[in-house]
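First up is the structure itself, then whatever we jot down about it.
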Amino acid sequence: GESVGLHLPTLSVQEGDNSIINCAYSNSASDYFIWYKQESGKGPQFIIDIRSNMDKRQGQRVTVLLNKTVKHLSLQIAATQPGDSAVYFCAEHSYSSASKIIFGSGTRLSIRP
Amino acid sequence: GAGVSQSPSNKVTEKGKDVELRCDPISGHTALYWYRQSLGQGLEFLIYFQGNSAPDKSGLPSDRFSAERTGGSVSTLTIQRTQQEDSAVYLCASSLGLYQETQYFGPGTRLLVL
């Protein structure tokens, strides 16, 4: 199957601080990117997406940045709250190849009170 | 509205038995994915159905795994002669399809092979 890595890397953030979760994607032809949040015992949930003709997109407390030059995607969460504790996955898709979505290995976000 | 549903929510089976896991996607969604997730790990792609096209089976880990999608809607993932390493959460997701790729995930089926 697709690579999913071994144990998930963990990012520990103080409550109230901003969080930045990074993702390196694999396919230079990918033109659509998504961030998902997975809470314990639940399936992943859509947070925000961005298309390759953009380099930044903002949602409520979240911002996604795309750097196509270095194939890098980041998710910024402002004023991190305890409810933000979860595993975050980036995903990439290429419309031109009509291929399946490919997920990154995920990052666990832990909030310190 | 109704989301993606999966059944059973939990399944305990003995090594060597066959299991069937069911996924009901959101109505009208043409794309359907199966993933496997081991404890504390990421999502392992298994299989992808898109409309009437031949499924992408490139993620199936062995010939003991198979999946079908009947009538472009409900999908069944079958694991034959289960092994202990098959124990995981099996997640199903659906999306509207090409150019509408945001996936909506079901709650998963937790499979334990004893």
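These numbers come from a predicted model, not from an experiment. Values below: all heavy atoms of this structure, side chains included; hydrogens, waters and symmetry mates excluded. Below, read A as the first sequence line, B as the second, and so on, with proteins coming before strands; counting in each chain starts at 1.
- Using a 4.5 Å cut-off between heavy atoms, B:Y35 contacts chain A through its side chain alone, with no backbone atom that close.
- No more than 12 heavy-atom neighbours from other residues, nucleotides or ligands sit within 6.0 angstrom of CG on B:N52.
- By the rule that hydrophobic residues join a cluster once side-chain heavy atoms approach within less than 4.5 Å of another member, A:F103 and A:L11 end up as members of separate clusters.
- Around CD of A:Q60, the count of heavy atoms belonging to other residues, nucleotides or ligands within 6.0 Å does not exceed 12.
- One finds the OG1 atom of B:T102 at 5.0 Å from the CG atom of A:D49 (value rounded to the nearest 0.5 Å).
- Neither the backbone nor the side chain of B:L46 comes within contact range of chain A; no heavy atom of the residue lies under 4.5 Å from a heavy atom of that chain.
- Under the 4.5 Å side-chain heavy-atom criterion for ILVMFWY residues, no single connected hydrophobic cluster contains both B:Y104 and B:L43.
- Of the two parts of B:Q37, only the side chain, counted from C-beta on, holds a non-hydrogen atom closer than 4.5 Å to a non-hydrogen atom of chain A.
- With hydrophobic clusters built from ILVMFWY side chains whose heavy atoms lie under 4.5 angstrom apart, A:L109 shares a cluster with A:V64.
- Residues B:Q41 and A:F89 share a closest heavy-atom pair of O-CZ, 4.3 Å.
- Within residues 35-46 of chain A, the residues having any heavy atom closer than 4.5 Å to a heavy atom of chain B are A:Y36, A:Q38, A:G41, A:K42, A:G43, A:P44, A:F46, listed by residue number.
- A single hydrophobic cluster is not seen to contain both A:I34 and A:L65; linkage of ILVMFWY side chains at heavy-atom distances under 4.5 Å, directly or through other members, places them apart.
- The hydrophobic cluster containing A:L73 also contains A:I47, counting ILVMFWY residues as joined when their side-chain heavy atoms lie under 4.5 angstrom apart, directly or transitively.
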